[in-house]
Amino acid sequence: MLRITELRLPLNHTDAELKSAILTKLNITTDNLVSYSVFRRAFDARKKHDIKLIYTIDLLTDNEDDILKNLETDPQVSLTPNTSYHEVGRAPANLKTRPIVIGTGPCGLFAGLILAQMGFNPIILERGKAVRERTKDTFGLWRKGIFNAESNVQFGEGGAGTFSDGKLYTQIKDPKHYGRKVLTEFVKAGAPAEILYVSKPHIGTFKLVSMVEEMRANIVALGGEIRFSSRVDDVLIENSQVQGVQLSSGEIIHSTHVVLAVGHSARDTFKMLYERGVYVEAKPFSIGFRIEHPQSIIDRCQFGDNAGHSILGAADYKLAHHCSNGRSVYSFCMCPGGTVVAATSEAGHVVTNGMSQYSRNERNANSAIVVGITPDDYPGNPLAGIDLQRRLEAHAFILGGGTYAAPGQRVGDFLAQRPSTALGQVQPSYTPGVHLCDLSSALPDYAIEAIREALPVFDKKIKGFAMPDALLTGVETRTSSPIRIKRNELYQSLNTKGLYPAGEGAGYAGGILSAAVDGIKVAEAVATDIINRR
């Protein structure tokens, strides 16, 4: 097959115009074109009055060699790369112990799926509940203020990504096309086929729920085992080699290969690993607030008169500013047409996050506006970043009135350094509710100062971003893991053989797709080690 990249057409082009552009690019006739398909579709909205769609096209022709010879100097025409997935091997018939995967977020699910597809019959342990039961518990906090410490936005089948925008794009290098494997498996599990070709694919929470269930059924059908409400309280280590795990029930499961895919909020697990002597180090992360605007303002600013076009959908944004105090402020986890959600995993704490459904048709846009911090800001042992998160989240609970309501403030009041006493145009989407206050004590002074400087700068890029009625809610503290469980070139812990730190919680991913890709890499490492030990 041949591939054409950077094929640009008007936003409202017809199918006939796309086919004509392909023929013109290759200098062939309709008779020479056997078939074609869209591999990628993006858009260029820098000129709002003249938005262009940008295609990558894969096609079959009856004169491929001649075309390549005639266009050998054209970088936009080449052979289509092979993006199919190839297993690293098959499980031996005399498999002595089954690999264990801890966690059923994107990383754990894909580690388990790949191991199951290669015949290793993994045991997958999840401290939370199955996804539909977990959804009920999560809604219990959002609608009734009832919190479940083991079944919430952070813990349970599907991981934190289940209650998110379901974004499926990443900037990681992916020479082996693992991302394509992830998207293909998602489509098999019920995701819309468009995620295979749109430039910024997303799924949304409700679709993710059914997809996660389908993937679970696939893993079980292949010989895997998934246990819910099975919290790992200890990792058994002898002579720097993992020997298995102990569950909160007291049950011990033996294995010499344990994948640690616990997500960024398993603080008790991090503490246990640190106390067991597993190498853990502090790493940078970010803290800040959620900000909400009417989605219509973002759409008009980004797309002009083309706002509302079905191909463009709800507009997103990406903003960054380097402040005079040396801090960097940036937008994170932008959720077009979404909601701000309660995302705590500990009682008496308030944590915000963002979520969208597939339709992205809620009235507000939201994103995190966060400030980068480093271990210099929280000196101490490797878990000091967790201590900082907890202090901020506990204080946010108090500022919000002690009911799991989030503390909130209008942007105009925040910039003017006065408390908010009434809402304006922007109505908060966060439930159980927002308690208006002064957010100046919600974050360290350097963070408040940096965000106050950044918001007017962002307003110059997106007119209305610093509108007085835009709403800030706090606090956003779970942008990424505050620790890294370092691993070697074999994907094993630096000082604990057989322990495979993986995904976002271990500091090796950020988002659904990159976490899933890391799960594949770690599963391959586990499989390779087991095969080589035969």
Centroid-centroid distance, [X] to [Y], less than 6.0 Å:
X: H177; Y: Y85; value: no
X: F43; Y: H309; value: no
X: Y508; Y: Y491; value: no

- Identify, with sequence neighbours excluded, every residue that meets ring pair (Phe, Tyr, Trp, His ring centres under 6.0 Å) alongside Y317.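 Expected list: F465.
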[Y] and [X] side chains, donor-acceptor separation under 3.5 Å:
X: N32; Y: T29; answer: yes
X: T30; Y: K19; answer: no
X: Q357; Y: N361; answer: no
X: Q154; Y: S345; answer: no
X: S429; Y: E362; answer: no

For the pair [X] and [Y], find out whether any cationic side-chain nitrogen is under 4.0 Å from an anionic carboxylate oxygen.
X: K167; Y: D316; value: no
X: E157; Y: R134; value: no
X: R180; Y: D174; value: no

**Prompt:** Under the side-chain contact (heavy atoms from CB on, under 4.5 Å) test, which residues partner Q425, sequence neighbours left out?
**Reply:**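 Per chain and number, Q425 pairs via side-chain contact (heavy atoms from CB on, under 4.5 Å) with P294, M467, D469.
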Just by distance, do the side chain of [X] and the backbone of [Y] share a donor-acceptor pair under 3.5 Å?
X: E504; Y: H264; result: no
X: N366; Y: T339; result: yes
X: R478; Y: I287; result: no
X: Q389; Y: T477; result: yes
X: S514; Y: A509; result: no
X: R40; Y: T56; result: no
X: S481; Y: G507; result: no
X: S367; Y: C333; result: no
X: E453; Y: A450; result: no
X: T352; Y: V475; result: yes

Which ring-ring contact (aromatic ring centres under 6.0 Å, His included) pairs, counting each pair once, include a residue from residues 320-343, with sequence neighbours left out?
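Not a single pair qualifies under ring-ring contact (aromatic ring centres under 6.0 Å, His included).
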What distance separates Y197 OH from L183 CG, expressed to the nearest 0.5 Å?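 Y197 atom OH to L183 atom CG measures 13.0 Å (nearest 0.5 Å).
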So which atom in T104 and which in G156 form the shortest heavy-atom distance, rounded to 0.1 Å?
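For T104 and G156, the tightest heavy-atom pair comes out as OG1-O, 3.6 Å.
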